[in-house]
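Below you'll find the structure, written out as structure tokens, and then a few comments.
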Amino acid sequence: MVIVLEQKNFFKEFLSQLVGKKVSNEVEQLIELVFERKKMLEKIRENIKIERVEKMDIQKIKNLLIFGVDSGSNGINLEGFYLSFMTAFSFPTSSSAEPLMTGNIKRIFGEEDPSRRVRVCREMLMFSLAEKTIRDFSPDYIFIDGPLVLNDWLIPTISDSKSYELEFKGCIDSLNSLLKVAKMNGTKVIGIVKRIYSRTVVDTMSKQLTDSLLLNPIMSIGDATLSNQIRDRAILKKYRVTKRFYSFFLKSGTRTSVIRVEFPEWCIESEKEIKSIVYALSDIKTGVPIPILEADSLTKVSNTYLNMIYMRYFTKFLERIKKERFGEQELDIVLPKYGEVIF
């Protein structure tokens, strides 16, 4: 017991020294980054054109039908596979239309990190629901939670499984179908990116600072950048309806970060209206359009709900095991892996 206590005390002291030293080094590097940003701000102010945005009158917005569409997921690592539960929700701004929802349960086998497969499956679910929303209600606008130009890291590589390749293709096909229906219907599809990791505006200036870190200090609430075409993205080769998309940054809330707004080429003539509507519908604190916030809150799969679904899944599997007269050792396929917590 004494040896164990001495080991624990030694470890605590070791961690304390390690953290203290590492934190000091990290802070010094961050200070250097702050100096770098300050030096760059003047150059950014000269190169980036910013305009003021007027909020669209609320009465005009009431005459428009706008949907916010989002998807969510949660899952658990079991001995046999990763079990993922996915939902998608389409939320209207008008009581004249009904909300739509869908969901799916996905088993993912043989992958240490299933996050990319979950991502493409979840996006496919969201794009399909957005397309159904257009077919059912012919809205003026569809706000998608996330980018319209997907990340290049989702493109399959030679190390990816055949299953992932098929699911990625399904995701791209679903997005292309959404864009086709939206263009034919005259619906403006808008991507709202809340978390910005891009370096598109300042890619030649810094390798460490994101667009948001460099735009935040020079933009006030109600400011927006001019739209620029999204270029040099490998994934655009997969797009069929159009390969031309545009984006702008908007400071629409009191929080520190800007949001990025993306739209396809057939909406470029409505750029001013898009900025006005997005700003008018944005939550004052987060800067995120309220239809997106509403859809986001409804798609979250909580741990409590995950536990409820898993217990039902386990119970049904147990019933079948007993019916087939298998031994209980067969249950290991649906038991949580070490470290997984069932709430």
Side-chain angles (χ1 to χ4, degrees), residues 8 11 15 18-19 69-89 101-129 144-147 150-175 193-195 197 235 292 295-343:
K8 288 184 176 180
F11 187 63
L15 281 181
L18 177 65
V19 170
V69 187
D70 192 14
S71 61
S73 64
N74 201 348
I76 181 170
N77 269 305
L78 305 179
E79 285 296 338
F81 50 90
Y82 180 80
L83 187 62
S84 179
F85 304 96
M86 309 173 192
T87 61
F89 203 95
M101 63 195 78
T102 187
N104 194 16
I105 297 177
K106 187 76 178 177
R107 286 178 288 121
I108 298 176
F109 293 93
E111 294 191 22
E112 290 185 17
D113 180 12
S115 61
R116 284 169 76 237
R117 284 186 64 182
V118 171
R119 173 74 178 271
V120 296
C121 292
R122 197 179 66 201
E123 300 284 83
M124 179 168 60
L125 201 66
M126 178 175 65
F127 297 144
S128 296
L129 186 64
I144 297 290
D145 189 353
L150 301 180
N151 291 311
D152 285 345
W153 64 271
L154 292 175
I155 299 173
T157 64
I158 56 174
S159 61
D160 283 313
S161 64
K162 188 68 175 178
S163 295
Y164 178 78
E165 290 179 12
L166 291 173
E167 284 158 353
F168 172 80
K169 182 179 183 301
C171 177
I172 291 295
D173 288 345
S174 180
L175 176 53
V193 184
K194 306 189 294 284
R195 299 180 182 183
Y197 303 100
I235 203 165
I292 291 290
D296 177 72
S297 68
L298 293 164
T299 56
K300 293 186 183 302
V301 182
S302 68
N303 288 330
T304 301
Y305 191 57
L306 174 65
N307 180 50
M308 183 185 74
I309 299 173
Y310 169 71
M311 293 310 297
R312 183 175 298 179
Y313 196 94
F314 180 87
T315 302
K316 289 290 184 182
F317 186 71
L318 177 60
E319 289 175 358
R320 292 289 288 119
I321 288 291
K322 290 180 176 179
K323 185 176 180 180
E324 298 295 336
R325 300 182 183 276
F326 292 140
E328 289 192 1
Q329 67 271 16
E330 305 298 340
L331 288 172
D332 65 342
I333 194 173
V334 294
L335 293 179
K337 282 188 179 295
Y338 176 79
E340 287 291 310
V341 178
I342 298 296
F343 297 87

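Heads up: numbering here begins at 1 and tracks the sequence.
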**Item:** For Lys337 against Leu78, the heavy-atom pair lying closest together
**Value:** CE-O, 3.3 Å
**Asked** Say you draw a straight line from CZ of Phe89 to OG1 of Thr102; how long is it, rounded to the nearest 0.5 Å?
**Response** 11.5 Å
**Message:** To check you understand the geometry: which heavy-atom pair defines the closest contact between Leu125 and Gly103, and what is its length?
**Reply:** CD2-CA, 4.1 Å
**Request:** Working to the nearest 0.5 Å, report the span between OG1 of Thr87 and CE of Met101.
**Result:** 10.0 Å
**Message:** Run Phe326 and Leu331 through side-chain contact (heavy atoms from CB on, under 4.5 Å) and show every step you take.
**Reply:** CA-CA 9 Å; Phe326 292 140; Leu331 288 172; over 6 Å; no
**Message:** For a 4.5 angstrom cut-off between non-hydrogen side-chain atoms, does Ser163 reach Phe109?
**Reply:** no
**Asked** So, for Tyr82 and Pro114, which heavy atoms are closest and what is the spacing to 0.1 Å?
**Response** CG-CG, 3.6 Å
**Request:** Determine the minimum heavy-atom distance between Ile105 and Tyr313, stating which atoms define it.
**Result:** CG2-CE1, 4.5 Å
**Item:** Side chains of Thr157 and Ser159, donor plus acceptor under 3.5 Å
**Value:** yes
**Item:** CG on Asp296 to OG on Ser71, rounded to 0.5 Å
**Value:** 9.5 Å
**Reported NZ-to-CG distance for the pair Lys300 and Leu298, which is rounded to 0.5 angstrom** = 10.5 Å
**Asked** Does Ser174 reach the main-chain N or O of Ser128 with its side chain, forming a donor-acceptor pair under 3.5 Å?
**Response** yes
**Message:** Does this structure show an ion pair linking Arg320 with Glu324, if we count only N-O contacts that are shorter than 4.0 Å?
**Reply:** yes
**Prompt:** Any side-chain heavy-atom pair from Ser161 and Arg117 closer than 4.5 angstrom?
**Reply:** yes
**Fill in**
In short, Cys171 meets Met124 closest at the heavy-atom pair N-SD, 3.7 Å
**Asked** Under 4.5 Å between any side-chain heavy atoms of Arg107 and Leu83, yes or no?
**Response** yes
**Fill in**
OG1 (Thr315) and CD (Glu319) are apart, to the nearest 0.5 Å, by 6.5 Å
**Request:** With the side chain counted from C-beta on, respond yes when Phe81 and Ile108 share a heavy-atom pair under 4.5 Å apart, and no when they do not.
**Result:** no
**Item:** Pair Asp145 + Lys194, salt bridge at N-O below 4.0 Å
**Value:** yes
**Item:** Shortest non-hydrogen contact from Leu335 toward Phe314
**Value:** CD2-CE1, 3.9 Å
**Side-chain heavy atoms of Asn151 within contact of Ile235, under 4.5 Å** = no
**Prompt:** Is there a side-chain contact (heavy atoms from CB on, under 4.5 Å) between Arg116 and Val120 once you walk through the steps?
**Reply:** CA-CA 6 Å; Arg116 284 169 76 237; Val120 296; 5.9 Å; no
**Message:** Quick check: do Arg119 and Leu154 have side-chain heavy atoms less than 4.5 Å from each other?
**Reply:** yes
**Request:** Could you go through the side-chain contact (heavy atoms from CB on, under 4.5 Å) check for Ile333 and Phe317 one step at a time?
**Result:** CA-CA 10 Å; Ile333 194 173; Phe317 186 71; 3.5 Å; yes
**Item:** Close side-chain approach of Met126 and Thr299, heavy atoms under 4.5 Å
**Value:** no
**Item:** Leu150 vs Ile172, side-chain contact (heavy atoms from CB on, under 4.5 Å): CA-CA, chis, key distance, verdict
**Value:** CA-CA 9 Å; Leu150 301 180; Ile172 291 295; 4.2 Å; yes
**Request:** Any chance you could measure Met86, atom CE, to Ser73, atom OG, to the nearest 0.5 Å?
**Result:** 6.0 Å
